[in-house]
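Notes to accompany the following structure.
Order of listing sets the numbers, starting from 1, for every ligand and every atom in it.
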Amino acid sequence: MHNLDLFKEQISSSSPKKIIITTHYKPDADALGSSLGVANYLKKKGHQVLVVTPSDYPSFLNWMKGNDEVVNFEERDKQEWVRDRVHEADMIFCLDFSCLKRLHELGELVKQSKAFKVNVDHHQDPEDFADFQFLSTKAAATCELVFELIILAGDKDLLDKDIAECLYAGIMTDTGGFKHPNTTKNIHLVTAELIGLGADNAKIARLIYDTNSLNRLKFLGFALTRRLQILEDCQTAYFAISKKDLRKYDSQTGDTEGLVNYALSLDGIKVAALFTEKRDGVKISFRSAEEVAVNKFAATHFNGGGHKNAAGGVSELNMKETLEKFEYLIRENKHILFNQLELINEKNQ
Ligand code: 5GP
Ligand code: MN
């Protein structure tokens, strides 16, 4: 039987299934939007659904329908209960990631589970752990794929305003507000359908982009004036944010989101990075412009990966050592990183 038929058979069974939905560590709007979009859909199909996230997520996502029932696996008192739920699950949906390590401790539980696993994602180099994969690196967002999967499952009539708003949020943010090169004709067609279903695009943009705390705005000002470094010879700019900086501005989950884009917005800059000091090392976000690919750089040197123009990774060194390593590697790899760009520029001259 074709996998899609098997998937349809699983979700269309008349007896309610116990379903866990999960997504990557520190979920963003695409991760949470796809999870709650699928959760709301599966509930309408009569299933018993639980969304488990491996960590907390920004409060500017709290408006999504079903948010109140999401369980954060990092809360110690919930872990035993979640373990039992995963153990007895009939199906597990893994959304917006395709390497189990992005689930952190939850990954082992999912790996061991005998449930029917579904993986919907748009990242590069997926692991092969699911019984049904719905993957495309061409998709701008996992929410785009979720929309298409619901249609393919023959359930277009189950789509509603709540589901549409969850999916719209993921598409809006993963396209950078419809600015990135992944903003295709198809994504506009899907978006038109979502607005047609009642998604309030202006409200969602305001909730996600224009709901800052005063501390967050002050932190942005501080980072721009005191923490931005420019490596002009490498067309690179980066922010390095310490734990102390984060404490000073009472930083909440999500407060550093988008910061890296300010570095990339500088005229002439093609590579941007954000280094954030954590308890056990440094978390890194990479962004790049045009043909410069940062995902391979992140994978080769910082145990990470991602998309061509937006990737991430980690470093177990301290901040000073991490920055030294980064600056060294950027200079060493300049010719590789910028090669394609230079070729394109030469062609255009
Ligand atoms: P962000 O900088 O917004 O945290 O992440 C941008 C993209 O980089 C994500 O969509 C994801 O594809 C990728 N990414 C971020 N952190 C990691 C990581 O630690 N490992 C891998 N493989 N990819 C990451
Ligand atoms: Mn995504």
Can I get a per-line list of side-chain donor-acceptor pairs under 3.5 Å for residues 207-224, giving both atom names and the distance, sequence neighbours left out?
unit_1 : atom_1 : unit_2 : atom_2 : d
T211   : OG1    : R206   : O      : 2.8
T211   : OG1    : L207   : O      : 3.0
N212   : OD1    : R216   : NH1    : 3.2
S213   : OG     : R216   : N      : 3.1
R216   : NE     : D255   : O      : 3.2
R216   : NH2    : G254   : O      : 3.3
R216   : NH2    : E257   : O      : 2.9

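- Under the 3.5 Å distance criterion, with hydrogens and angles disregarded, no donor-acceptor pair is assigned to the side chains of D56 and Y25.
- Looking at T322 and S315, their side chains do bring a donor and an acceptor atom within 3.5 Å of each other.
- Within 6.0 Å of the CZ atom in F178, the count of heavy atoms belonging to other residues, nucleotides or ligands exceeds 12.
- In K17, the NZ atom is crowded: over 12 heavy atoms of neighbouring residues, nucleotides or ligands sit closer than 6.0 Å.
- With waters left out, the protein N, O or S atoms under 2.8 Å from the Mn ion (ligand 2) add up to 4.
- Residue D77 qualifies as enclosed at atom CG: its count of foreign heavy atoms under 6.0 Å is above 12.
- Not counting sequence neighbours, the partners of H307 by the side-chain hydrogen bond (donor to acceptor under 3.5 Å, both in side chains) test are H123.
- Defined by atom type and a distance below 3.5 Å, a donor-acceptor pair is missing between the side-chain atoms of N3 and Q133.
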Under a 3.5 Å threshold, I'd like every N/O contact between ligand 1 and protein atoms, with atom names and distance.
unit_1   : atom_1 : unit_2 : atom_2 : d
ligand 1 : 2 (O)  : S285   : OG     : 2.6
ligand 1 : 2 (O)  : R287   : NH1    : 3.0
ligand 1 : 2 (O)  : R287   : NH2    : 3.2
ligand 1 : 3 (O)  : R287   : NH2    : 2.9
ligand 1 : 8 (O)  : G312   : N      : 3.2
ligand 1 : 10 (O) : H123   : NE2    : 3.2
ligand 1 : 12 (O) : H123   : NE2    : 2.8
ligand 1 : 16 (N) : K283   : NZ     : 2.8
ligand 1 : 19 (O) : K283   : NZ     : 3.1
ligand 1 : 22 (N) : G305   : N      : 3.3
ligand 1 : 23 (N) : G305   : O      : 3.2

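- Across I151, I150, L149, a single residue satisfies side chain to side chain contact (heavy atoms under 4.5 Å, CB included) together with F147, and that is I151.
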